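Hydrogens, waters and symmetry mates play no part in the numbers below; they use all other heavy atoms, side chains included. To find a chain, count down the sequence lines: A is the first, B the second, and so on, and within it residues start at 1. From a predicted model like this one, the values you see are computed outputs, not experimental measurements.
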Amino acid sequence: MKKTKLIPALAFLLVIGFLSVGGWLAEDREFSENENRYLAEKPKFSIDNFMSGKFQEKLESYLNDQMLLRDQWITIKTAVQKACRDTDIGGAYVGKNGYDFEKILPEDVDERLFARNTQAVKDFFESCSGDMDPTRLSFLLVPTSGLVLKEELPDHAILFDQEGCISQVKEAVDDCNFIDVRDILKAHTNREIYYRTDHHWTTDGAFLAYEEWCRATGHEFLGEDAYEKTVVTDSFRGSLYSKILDYDSAYDRIWTLDRKGSAAVFRVTADGTELSGFYQPQKLQEKDKYAYFFGGNYGEVQICQESSGGGKGNLLLIKDSFANAFVPLIAEEYDNIYMIDLRYYKGDLAEYRKEHSITDVLVLYNISNFISDKNLYQLSNP
Amino acid sequence: MVFSSFVFLFAFLPLVLLLYYICPAKLRNLVLLLASLLFYAWGEPVYVLIMLFSTVFDYTNGRLIAHFKKKGAAGKAKLFLVIDVCGNLGILGFFKYTDFLIGTVNSLTGAGLSLLYIALPIGISFYTFQTMSYTIDVYRGVVPAQKNILNFATYVVLFPQLIAGPIVQYKTIADELSGRRGSLTDFGEGAFRFSVGLAKKVILANQIGSLWTAISQSSQISTASAWLGAAAYTFQIYFDFSGYSDMAIGLGRMFGFHFLENFHFPYMSKSITEFWRRWHISLGSWFREYVYIPLGGNRKGAKRQIFNLLAVWMLTGLWHGASWNFVLWGLYYGILLILEKLVFGSRGRRAHPVFGHIYTMFLVVLGWMLFAQTDFGEMAAYLKTMFGVGAPLIDGNFWYYLSCNAVLFAVLVLCSIDLRPLFARIPFGKGLRESAAADLAKSVVMIVLLVVSFAFLAGDSYNPFLYFRF
């Protein structure tokens with residue numbers, strides 16, 4: 001006589017029942033901090049929506065996005081993958097010693113876009129050199145951690161040829177002051193040059209580049225001892241953490257380096273609104289703590305050195321987010337710095353140069369942004 | 001709708017189960033029918049009409065065939081069978097093969113006819129074959145015609161096997177359509193089977209599938225990587241397809257239906273003949289029963305058998321997709337089977353089993369590479385790389401792919417082997433295996449499989465959008 005088997009049936013109903021009923025009852029989340037995007041809302045049913053398939057599509061993404069304990073599920077997935085010794089998780093590489101890396105494959109490099117962006121910078125410098133000294137046009141391409149911290153990558157991890165890309169740009173854009181920071185960064189891998197859980201460089205990374213910048217542009221480099229280091233947080237988990245969601249992930253510190261005994265006073269204006277300074281401590285309470293530098297990205301940031309007696313020149317800085325940690329280090333060297341982020345700024349740059357009596361130009365991009373940016377073409381016809 | 005979607009798992013399935021079990025037995029087929037129509041309409045609402053047409057068409061033909069057989073009018077019965085088969089093949093041919101035909105005519109004659117871009121109704125290859133099994137069996141007198149159109153419609157659109165098989169022949173579930181006794185035991189077994197299938201699809205197939213995608217799309221592959229990619233695809237297609245069959249069988253059982261098995265550890269086979277007895281069993285038996293044997297099978301001499309095998313395998317290939325690479329893949333197996341049956345004969349069977357396994361898997365893996373790539377140029381390039389033409393033997397990428405997937409491969413190999421005889425040898429005694437403790441253990445395994453599957457499913461839709469609102 002076979003007994004009725006109750007337990008497996010019950011177990012199944014409990015799991016499915018709990019997740020479906022719980023999912024419907026739980027309050028919807030509006031925004032996912034880890035994913036940095038708004039989550040799907042409950043779709044409205046109509047015959048038209050159903051016949052076109054829109055309703056079905058939206059319902060599926062709604063149930064996905066609003067799944068009970070969503071981020072915890074991802075953590076389970078990551079834990080399983082890590083247990084299987086997989087290092088390619090969530091579109092990022094899990095490296096050694098707590099370092100995570102951006103995963104950019106050779107196939108991901110859009111050769112045409114890359115060539116177009118290179119040409120755009122070349123065109124821009126050419127148009128500037130009409131009324132500016134070419135030695136005052138600088139180009140700084142920041143490598144990503146995958147190139148500098150090779151040792152920390154998973155063995156044999158597949159990455160695009162970053163070295164080749166940077167060299168290619170260096171060769172093509174020859175009529176400017178190309179600031180090559182690769183060697184100095186590679187020579188100091190014992191320091192924390194990049195965050196472990198974020199794709200950005202740290203203040204130390206930016207500082208090393210600053211040393212190279214001084215050498216290339218003829219500014220005096222005071223040495224590290226002239227700077228005061230202040231750690232502002234030790235609980236930063238950045239963009240790479242968000243991709244992987246590893247419960248076991250490291251925490252990063254963020255710090256600042258300020259010139260000792262400096263009396264310089266700055267007025268910082270972002271898209272017309274005055275900021276309290278370079279650093280925005282309120283951002284340390286949020287998920288993306290790298291926004292401590294300037295509070296994030298804007299179309300235009302003006303930094304006016306009010307204490308300057310003048311004669312230091314005005315810098316136009318075409319940049320991505322890597323510049324945010326770098327700019328505080330060079331701020332004292334100029335009367336005014338104008339930071340332009342082409343993702344948000346759509347104005348006429350030739351006009352802008354004239355209007356603000358620009359004496360120096362710096363283009364600063366991270367190489368992985370540089371090869372994939374779709375706004376750089378604006379430099380071609382300023 | 002697919003089983004591995006959130007809409008199915010957390011909305012459709014719980015609701016249908018609830019409705020089904022609170023309704024009195026009389027209404028349950030109706031619940032299943034309506035649920036199945038919604039399930040089908042989810043992907044392409046308009047195509048429900050084809051499905052309803054098929055249902056009425058096959059139902060009517062079935063009744064007419066039975067009617068004329070009873071009256072002794074064999075000719076008329078045959079006529080309606082022919083009408084039915086032509087109708088089904090016509091629908092399948094129109095929707096699945098029209099553009100293929102136009103494309104082929106274009107490339108042969110340069111006619112430049114424009115394609116129709118017909119969207120393929122989901123599961124059409126499966127349900128047309130299922131309904132043909134019904135009318136043919138009615139004609140053969142294997143089963144009586146179904147008089148209740150509701151029951152018949154339930155068979156045609158039954159959502160567990162609707163879109164990816166197994167091809168459930170009418171005779172398999174004829175009795176259960178009109179009266180079945182679902183039990184909690186069946187429900188539990190079905191739920192367990194469903195969970196195993198879900199895990200096979202979502203955890204194993206999808207994970208190893210991403211390796212195949214990475215390798216086949218990579219701009220530089222070595223011979224070693226190419227073989228690793230081929231192995232990845234070999235596992236992906238097995239765990240994907242058999243996982244789907246497991247889910248279908250499990251779901252069927254939760255509603256009291258007992259479908260036949262569709263896979264039986266095919267990668268343990270020692271010959272190609274054996275492989276095809278273990279792989280997609282429901283398709284193999286369909287072709288054998290309704291095409292190969294009617295053509296005369298092996299009873300009309302060797303020449304005729306060769307012709308029959310080639311014909312059946314060309315059709316089998318074509319059934320898998322409207323593209324010439326599938327025909328090539330079918331013929332490849334046709335030729336291998338002819339060689340095994342007529343040339344190697346019993347000598348092959350006496351070979352060492354290790355040799356048998358290696359020989360079979362080598363050919364199966366190679367076969368999947370014909371199957372996986374619809375573009376002949378890409379297929380040729382990939383095969384060249386596999387055999388070391390113009391590619392490095394091994395490179396760093398290979399080591400990276402391997403290091404990320406070595407554990408997964410080990411799990412895949414273990415899951416491809418029938419371990420039950422091994423378990424049976426453990427001296428637990430039958431009592432323990434039937435005990436509540438065993439049920440509990442089974443339930444724990446099921447919950448773990450479900451939880452990990454959901455985690456991987458959630459991972460698929462998790463897209464950090466880093467450059468938005470930067």
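Considering every non-hydrogen atom in both B:S219 and A:E107, the closest pair reads OG-OE2, 3.1 Å. Closest non-hydrogen pair, B:L450 versus A:F12, comes out as CD1-CD1, 3.9 Å. B:F6 and A:M67 make their closest contact through CE2-SD, 3.3 Å (heavy atoms, listed as atom of the first residue, atom of the second, distance). A:W73 approaches B:A455 most closely through the heavy-atom pair O-CB, 3.3 Å.
Interface remark: A:Y93 contributes side-chain atoms only to the contact with chain B (heavy atom separation under 4.5 Å). Using a 4.5 Å cut-off between heavy atoms, B:Q207 contacts chain A through its side chain alone, with no backbone atom that close. Contact annotation for B:L13: only side-chain heavy atoms (C-beta onward) come within less than 4.5 Å of a heavy atom of chain A. With a 4.5 angstrom heavy-atom cutoff, B:V445 does not touch chain A via any of its atoms. Heavy atoms of B:M1 lying under 4.5 Å from chain A are absent altogether. Heavy atoms closer than 4.5 Å to chain B are found in both the backbone and the side chain of A:M51. Contacts between B:F398 and chain A at a heavy-atom distance below 4.5 Å are absent for every atom of the residue.
Side-chain contact check for B:Y401 versus A:D88: every heavy-atom pair is 4.5 Å or farther apart. With contacts defined as side-chain heavy-atom distances shorter than 4.5 Å, the pair B:F454/A:I16 qualifies.
Other residues, nucleotides and ligands contribute only 12 or fewer heavy atoms inside 6.0 Å of the NZ atom of A:K54. Within a 6.0 Å sphere centred on NZ of A:K58, heavy atoms belonging to other residues, nucleotides or ligands number 12 at most. With a 6.0 Å radius and a threshold of 12 heavy atoms from other residues, nucleotides or ligands, A:E57 has its CD atom at or below the threshold. Open room surrounds OH on A:Y247; 12 or fewer heavy atoms of other groups in view lie less than 6.0 Å from it. Environment of CZ in A:R29: crowded, with over 12 heavy atoms of neighbouring residues, nucleotides or ligands closer than 6.0 Å. Counted within 6.0 Å of CH2 on B:W227, heavy atoms from surrounding residues, nucleotides or ligands total more than 12; the atom is thus considered enclosed.
Distance CZ/A:F18 to CZ/B:F10: 10.5 Å, rounded to 0.5 Å. A distance of 12.5 Å separates CG in A:L59 from CZ in B:F12, rounded to the nearest 0.5 Å. A distance of 7.5 Å separates CG of B:L457 from CG of A:N64, quoted to the nearest 0.5 Å. Rounded to the nearest 0.5 angstrom, B:L17 CG and A:L13 CG are separated by 7.0 Å.
Ring geometry for A:F50 against B:W42 counts as perpendicular: the plane angle is over 60°, on a 0 to 90° scale with 30° as the lower cut.
Note on B:A41, B:P14, B:S210, B:S218: by heavy-atom pairs under 4.5 Å with chain A, the leading option is B:S218. Per-residue heavy-atom pair counts under 4.5 Å with chain B were compared for A:C84, A:P106, A:A11, and the maximum is reached by A:C84. Options A:L105, A:I74, A:I76 differ in how many heavy-atom pairs under 4.5 Å they form with chain B, and the most are formed by A:I74. Heavy-atom pairs under 4.5 Å with chain B were tallied for A:D341, A:V21, A:L245; the largest tally goes to A:L245. When B:L440, B:D395, B:V451 are compared by the number of non-hydrogen pairs under 4.5 Å with chain A, B:V451 comes out ahead. Contact count against chain A (heavy-atom pairs under 4.5 Å) is highest for B:P45 among B:G43, B:P45, B:G190.
Listed in order of number, the residues of residues 402-416 of chain B that approach chain A to under 4.5 Å between heavy atoms are B:S403, B:C404, B:V407.
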